[in-house]
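Note sheet for the following structure.
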There are 2 protein chains.
Amino acid sequence: MPTHTDIVSDLHPQPLYQKVKNYILEHIRDGRWLACNRIPSENELVQKLDVSRMTVNRALRELTAQGYLTRIQGVGTFVAEEKPQCAFLEIISIAEEIRRRGGVHTSYVHLLQAEKATQELAALMHMPESASVFHAILVHYDRQVPVQLADRYVNPQIAPRFLEQDFTSITPNEYLINVAPITQVDHVIEATLPDRKTKNLLALEDPAPCLVLHRTTWSGEHVATNSRFVYPGSRYRLGGRFKPDSISHRLVT
Amino acid sequence: MPTHTDIVSDLHPQPLYQKVKNYILEHIRDGRWLACNRIPSENELVQKLDVSRMTVNRALRELTAQGYLTRIQGVGTFVAEEKPQCAFLEIISIAEEIRRRGGVHTSYVHLLQAEKATQELAALMHMPESASVFHAILVHYDRQVPVQLADRYVNPQIAPRFLEQDFTSITPNEYLINVAPITQVDHVIEATLPDRKTKNLLALEDPAPCLVLHRTTWSGEHVATNSRFVYPGSRYRLGGRFKPDSISHRLVT
DNA sequence: GGCCGCAAGTTGTATATACAAGCATATACA
DNA sequence: TGTATATGCTTGTATATACAACTTGCGGCC
């Protein structure tokens, strides 16, 4: 009969199956269990973690639904090839995306300053009118070719030191993820013709349709960021794949 | 002791928990259980469907993770306010989408015939060259305004009676979902300027950037459909929302 | 050598049972 | 009247058990 002081210390009381999930995720994250490799069988985990098989099974089933694992009946459980990307969230880690497809990522910071929120922006970000917001405009390049314009407004309450960062070494996205847990993301995609300023920043010629991704992130009850990402239609596509009924989604570019 | 001839006929053998999920989804889809309303408790479902509580619990738990239900401990289980849309899959059920926002949906079938696959198409659909494929071109309208061009190639093996359908009463999407279980969906979004034919079909004036959604669906090992959906940028947007760590994704238009 | 079938190990499903935790209502008591 | 308690319902978790379905490899058999 299990007693459960093993898996992890009980700072936050947590369901057992959740602890098992965390145990597995840690092993995947820190590289002890590599992609495509087999992980211990249910029975081995039962013995190692001292929980029932049903509990291990639930943990493994949920991680599979989330895309972290792949299971084959009669064979075993494997770390999924590509870690699941949270749909649109990860898209914006464009630096990684460019590198992954063999490109060379650079970026240029066109603007980084505090501003007073316009009425419209204040409403969008649920802030008092003319409150101070941080504004950053970056362009990301793949071998000198601009592939994304990122136009971000950031809530100073969420990231007070945002303006002090060096965004040529860490992307704003990476920085923001570190300083604030994001609890919700909204986004809207549309196709537009760029205005003149955008066209200049992306070095476009007309006619040049663009994908525009509007994104609002929330951290608890507060809006953390309100952003607009512009992709030249000719140089970028958003793509994805998923299997119905499984729950995992992947969106790559 | 349950025997299970009740819930649904056993055409496709299917796990019990899946039947329970389908039972619930049907009640939600056809409006017997409305958004925000309570649905029967686990114990009531146990009695009604003659399965064990653990099975009902699993079904409800998974539907909750997928965003269809909301559960409150000690209170009950409720139909989620907004039903989750399986990312890009459901988007294309455009008729429902238009009605939901109070529009009036009509569609016109511009083409519906068998063709010989070009080399490129045959490769995309993993079919022998110059094999026969079904080709359908529809335009969907919201109050006479065209909002989507759907250009579909369908694998005759998957839907042999595709050409006989009346696509003014059922959308191709709805029909295809009924005849073949879809196991995987790939899609790519891009922004383009429409060619002249597309521009005519959608009654566009230039310059008119469009969202183009390319979609390939699979049924088992076979490609079921290869489609191109064109949305006028000025009349349509793709949007979504999700909460990290929860598993539910939603994409609405 | 090649084929068949069996056994062991794996995941997948279904059940019965038990208790914990949260909520709402009814009831008893001061 | 107001407050505490009890009860009954709900969902949430954990376990033991059983069997099904599938894969692999081993060994026997032809």
Side-chain angles (χ1 to χ4, degrees), chain A residues 1-8 10 12-24 33 36-66 68-80 243 245-247, chain B residues 1-8 10 12-24 33 36-65 68-80 220 246-247:
Chain A
M1 195 137 44
T3 49
H4 307 130
T5 49
D6 305 358
I7 303 180
V8 107
D10 266 331
H12 311 288
Q14 220 180 7
L16 262 183
Y17 73 89
Q18 187 59 54
K19 291 187 192 171
V20 176
K21 288 176 72 173
N22 291 339
Y23 173 88
I24 294 165
W33 294 345
C36 299
N37 283 46
R38 244 197 88 183
I39 74 171
S41 73
E42 293 191 356
N43 281 321
E44 288 169 321
L45 289 171
V46 163
Q47 295 207 347
K48 178 149 199 118
L49 304 180
D50 196 27
V51 296
S52 79
R53 195 195 142 207
M54 284 308 294
T55 302
V56 170
N57 181 270
R58 174 170 177 181
L60 294 177
R61 193 153 32 81
E62 293 189 0
L63 287 176
T64 302
Q66 294 178 352
Y68 290 99
L69 300 176
T70 304
R71 313 196 78 190
I72 304 177
Q73 187 174 127
V75 182
T77 304
F78 304 82
V79 178
K243 308 195 179 197
D245 240 52
S246 129
I247 314 179
Chain B
M1 195 141 35
T3 47
H4 307 131
T5 47
D6 305 358
I7 302 182
V8 107
D10 266 330
H12 311 287
Q14 220 180 11
L16 262 182
Y17 74 89
Q18 187 61 54
K19 291 187 191 171
V20 176
K21 288 176 73 173
N22 291 338
Y23 174 89
I24 293 165
W33 294 345
C36 299
N37 283 44
R38 244 198 88 181
I39 75 171
S41 73
E42 294 191 356
N43 281 321
E44 288 168 319
L45 289 171
V46 163
Q47 294 206 349
K48 178 150 200 115
L49 304 180
D50 196 27
V51 296
S52 78
R53 194 193 144 210
M54 285 307 294
T55 301
V56 170
N57 180 269
R58 173 171 177 180
L60 294 177
R61 192 150 35 78
E62 293 189 0
L63 287 175
T64 303
Y68 290 98
L69 300 176
T70 304
R71 314 196 77 190
I72 303 176
Q73 186 173 131
V75 181
T77 304
F78 305 83
V79 178
S246 132
I247 314 179

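By convention in this document, chain letters (A, B, ...) are assigned in the order of the sequence lines, proteins followed by strands, and residues within each chain are numbered from 1.
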Review point. Do any of residues 36-45 of chain A sit with a heavy atom less than 4.0 Å from DNA chain D, and if so which?
Key: none

**Study point:** Spacing of CD1 belonging to B:Ile24 relative to CG belonging to B:Leu63, to within rounding of 0.5 Å
**Key:** 5.5 Å

Practice item. Would you check if A:Leu45 and A:Tyr23 make a side-chain contact, meaning some heavy-atom pair closer than 4.5 Å? Key: yes

Check your understanding: Got a sec, which residues hit side chain to side chain donor-acceptor pair (under 3.5 Å) with A:Asn22, two or more places apart in sequence or on another chain?
Key -> A:Gln18

Point to revise | Counterpart residues, side chain to side chain donor-acceptor pair (under 3.5 Å), relative to B:Gln47 (two or more places apart) | key: none

Point to revise | Partner residues of B:Gln73 under the side chain to side chain donor-acceptor pair (under 3.5 Å) criterion, sequence neighbours left out | key: none

Check your understanding: Between C:dA16 atom P and B:Gln47 atom CD, what is the distance in whole Å?
Key -> 13 Å

**Study point:** Under-4.0 Å side-chain N/O to phosphate OP1/OP2 contact, B:Thr77 with D:dT11
**Key:** yes

Practice item. Answer yes or no: is there a side-chain heavy-atom contact under 4.5 Å between A:Arg53 and A:Arg58? Key: no

Check your understanding: Just how far, in rounded Å, is P of D:dA16 from CG of A:Asn57?
Key -> 14 Å

Shorter than 3.5 Å, N or O on both sides, protein versus nucleotides 4-6 of chain D: list them out with atom names.
none

Practice item. Would you kindly give the CD1-to-C1' distance between A:Ile24 and C:dT11, to the nearest whole Å? Key: 14 Å

Revision key, fill the gap. side-chain contact (heavy atoms from CB on, under 4.5 Å) filter on B:Asn37, not counting sequence neighbours, yields B:Leu34

Practice item. Specify the separation, in whole Å, of atom CZ of A:Arg61 and atom P of C:dG12. Key: 9 Å

Review point. Taking any strand in view, what nucleotide pairs with C:dA8 in a Watson-Crick or G-U wobble way, both distances under 3.5 Å?
Key: D:dT23

Could you pull out the protein-nucleic contacts involving nucleotides 18-22 of chain C (nitrogen or oxygen on both sides, under 3.5 Å)?
residue: C:dA21; atom: N3; partner: B:Gln73; partner atom: OE1; Å: 3.0
residue: C:dG22; atom: O4'; partner: B:Gln73; partner atom: OE1; Å: 3.1
residue: C:dG22; atom: N2; partner: B:Gly74; partner atom: O; Å: 3.3

Review point. Over how many whole Å does the gap from B:Leu16 atom CG to C:dT15 atom C1' extend?
Key: 10 Å

**Study point:** side-chain contact (heavy atoms from CB on, under 4.5 Å) partners for B:Phe78, two or more places apart
**Key:** B:Arg38, B:Ile72, B:Val75

Review point. So, the side chain of A:Thr55 versus the backbone of A:Val51: is there a donor-acceptor pair under 3.5 Å, distance only?
Key: no

Revision key, fill the gap. Separation of D:dA16 atom C1' from A:Asp50 atom CG, nearest Å, is 14 Å

Review point. Does a salt bridge link A:Glu44 with A:Lys48, judged by any charged N lying under 4.0 Å from a carboxylate O?
Key: no

Point to revise | For atom CZ of A:Arg58 and atom P of D:dA16, their distance in whole Å | key: 17 Å

Practice item. Would you mind checking if A:Glu42 and A:Arg71 are paired as a salt bridge, meaning a charged N to carboxylate O distance below 4.0 Å? Key: yes

Review point. Would you say a side-chain N or O of A:Arg71 is under 4.0 Å from OP1 or OP2 of C:dG12?
Key: yes

